[in-house]
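Heads up, the thing below is written out as structure tokens.
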Amino acid sequence: MTTDNTRKTTTGPGLLLRLSGPLQSWGEHSHYNDRDTARFPTRSGVIGLLAAALGRRRGEPLDDLVRLSLTVRADRPGVVLTDFHTVGGGLPPSGTVTTAEGKKRSGGTGTLVTRRDYLADAAFTVAITGMDNNTQDAETLSRCARALHSPQWPLYLGRRSCPPEGPVLLGLTDDPLRHLISLPLAANAPKSRSRVGVEFLSDQPLDRLPVPAELTTPDSHDASHPSGKVKDDPLTFHTRQRAYRERDLYRRTLLLPATQYAGLGTDHLTRLADYLRDHFDCPEGGLT
């Protein structure tokens, strides 16, 4: 298993995914009754999605998947929605929540209130890449593409209550980062004439993005240095031994042209299907 945060990638083969749905939830600091969400798909969430497609059980090794790199384009960042749940209310003591000591709550302590955060109306396009000219990574990506096309277990966007809207897999391509920049955006065009920045997030320096000069501004940075750290790199998904390590987070904003905004719903799906037919020799996804 990789022992540091270095996953050197170039423009080798990669998967392109579409993560869109009414609700998403990518836990970042979730703990017991307080379940938060990051504002973007996390490494642990996307690797978990791949593991589900492959039919991996929670205790199985993740060595081949954690070698891969994740770059996210935030088409629609969405808004945070907080939902409150009550658990155990109106039930006899035998039916209430079990405590850490294995006992049952009684009386007024039998009802627990939990807070769960979601991203509502968000859409992301994701590139998953490996190391260039690495046969092992290429085989892993190909295996993941087949699994996403016909997953062993249901796929969800961070939490089981958040199924994806439409197909997840767009395709397996030799130039994933270039397509990540140029794929139609799942958003309406800005109303003002000024271009609005679209954020890219990655576990690798974003100066490797093949960015045309007209998509940047003179004072924009190339994200060759991390903007911070997040603890979302999974070591194991074992139910009783879940463990994650910290990794660097890189952010970069590009000014994508208004013509790239494809709208919502069927308007976006139609533009997306046309793009895949025009640019992919053999699309793997479910849009074509």
Side-chain angles (χ1 to χ4, degrees), residues 16-49 70-87 113-127 154-168 170 180-181 183-203 206 215 220 223 227-232 249-272:
L16 287 166
L17 310 183
R18 173 178 172 269
L19 304 182
S20 177
L23 295 176
Q24 307 185 30
S25 189
W26 308 98
E28 189 173 16
H29 305 292
S30 295
H31 189 69
Y32 298 111
N33 296 334
D34 192 5
R35 303 287 178 174
D36 71 344
T37 181
R39 298 301 299 263
F40 53 87
T42 56
R43 273 187 58 79
S44 57
V46 175
I47 289 174
L49 184 147
L70 178 73
T71 303
V72 175
R73 186 187 75 182
D75 291 25
R76 294 199 313 274
V79 296
V80 175
L81 179 152
T82 300
D83 194 15
F84 291 90
H85 293 246
T86 58
V87 181
V113 176
T114 70
R115 192 195 76 172
R116 304 180 189 186
D117 289 344
Y118 301 87
L119 285 181
D121 194 34
F124 303 94
T125 305
V126 177
L155 306 180
Y156 49 88
L157 305 179
R159 192 174 293 164
R160 288 188 181 90
S161 60
C162 303
E165 172 267 307
V168 169
L170 296 179
L180 184 65
I181 294 175
L183 275 162
L185 283 155
N188 289 320
K191 294 182 179 179
S192 63
R193 291 186 177 181
S194 59
R195 290 189 294 175
V196 178
V198 175
E199 189 172 40
F200 290 72
L201 307 104
S202 183
D203 50 33
L206 287 173
L215 301 186
S220 65
S227 64
K229 291 183 179 292
V230 288
K231 193 173 183 179
D232 69 349
L249 175 65
Y250 297 83
R251 296 175 181 265
R252 188 174 185 181
T253 300
L254 300 181
L255 300 175
L256 301 184
T259 55
Q260 199 169 327
Y261 287 79
L264 309 177
T266 55
D267 290 339
H268 172 250
L269 291 177
T270 299
R271 283 274 302 276
L272 191 57

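These numbers come from a predicted model, not from an experiment. Index from 1, following the sequence.
In this structure, CG in L155 is found 5.0 Å from CG in L49, a value given to the nearest 0.5 Å. Considering CG of L272 and OG1 of T266, their distance stands at 12.5 Å, rounded to 0.5 Å. With values rounded to the nearest 0.5 angstrom, L23 atom CG is found 9.5 Å from R159 atom CZ. Annotation: the span from L254 atom CG to Q260 atom CD amounts to 9.5 Å, rounded to 0.5 Å. In this structure, CG in D83 is found 9.5 Å from CG in D117, a value given to the nearest 0.5 Å. Atom CG of L17 and atom OG1 of T125 lie 9.0 Å apart (nearest 0.5 Å).
Contact record, W26 with V46: CZ3-N, 4.1 Å, taken as the closest heavy-atom pair. When all heavy atoms are compared, the tightest approach of Q24 to L157 is CG-CD1, 3.5 Å. Closest approach of R251 and E199 over heavy atoms only: NH1-OE2, 2.9 Å. When all heavy atoms are compared, the tightest approach of V79 to R39 is CA-NH2, 4.3 Å. Residues T42 and G27 share a closest heavy-atom pair of CG2-O, 4.2 Å. Scanning all heavy atoms of the two residues, the minimum distance from D232 to R43 falls at OD2-N, 3.0 Å.
With hydrogens and angles ignored, the 3.5 Å screen pairs no side-chain donor or acceptor of T253 with any backbone N or O of V198. Looking only at distances, a side-chain donor or acceptor of R73 sits under 3.5 Å from a matching main-chain atom of L180. Side-chain N or O atoms of E165 include none that pairs as donor or acceptor with a backbone N or O of G265 at under 3.5 Å. Put simply, the side chain of R252 gets close to the backbone of L206: a donor and an acceptor are under 3.5 Å apart.
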Chi angles and distances behind the side chain to side chain contact (heavy atoms under 4.5 Å, CB included) call for V80, L119: CA-CA 5 Å; V80 175; L119 285 181; 4.0 Å; yes
Test log, rule side chain to side chain contact (heavy atoms under 4.5 Å, CB included), inputs L19 and V72: CA-CA 10 Å; L19 304 182; V72 175; over 6 Å; no
Side chain to side chain contact (heavy atoms under 4.5 Å, CB included) between L201 and F124, worked out: CA-CA 11 Å; L201 307 104; F124 303 94; 5.9 Å; no
Evaluation steps, side chain to side chain contact (heavy atoms under 4.5 Å, CB included), between L256 and I181: CA-CA 8 Å; L256 301 184; I181 294 175; 4.2 Å; yes
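In terms of the side chain to side chain contact (heavy atoms under 4.5 Å, CB included) criterion, residue partners of R76 (sequence neighbours excluded) are, by chain and number, S20, D121, A123, A186, A187, L264.
Contact of the L183 side chain with the R18 side chain is not registered, since no non-hydrogen atoms from C-beta on lie closer than 4.5 Å. Using a 4.5 Å cut-off on side-chain heavy atoms (C-beta onward), Y261 and P190 make contact.
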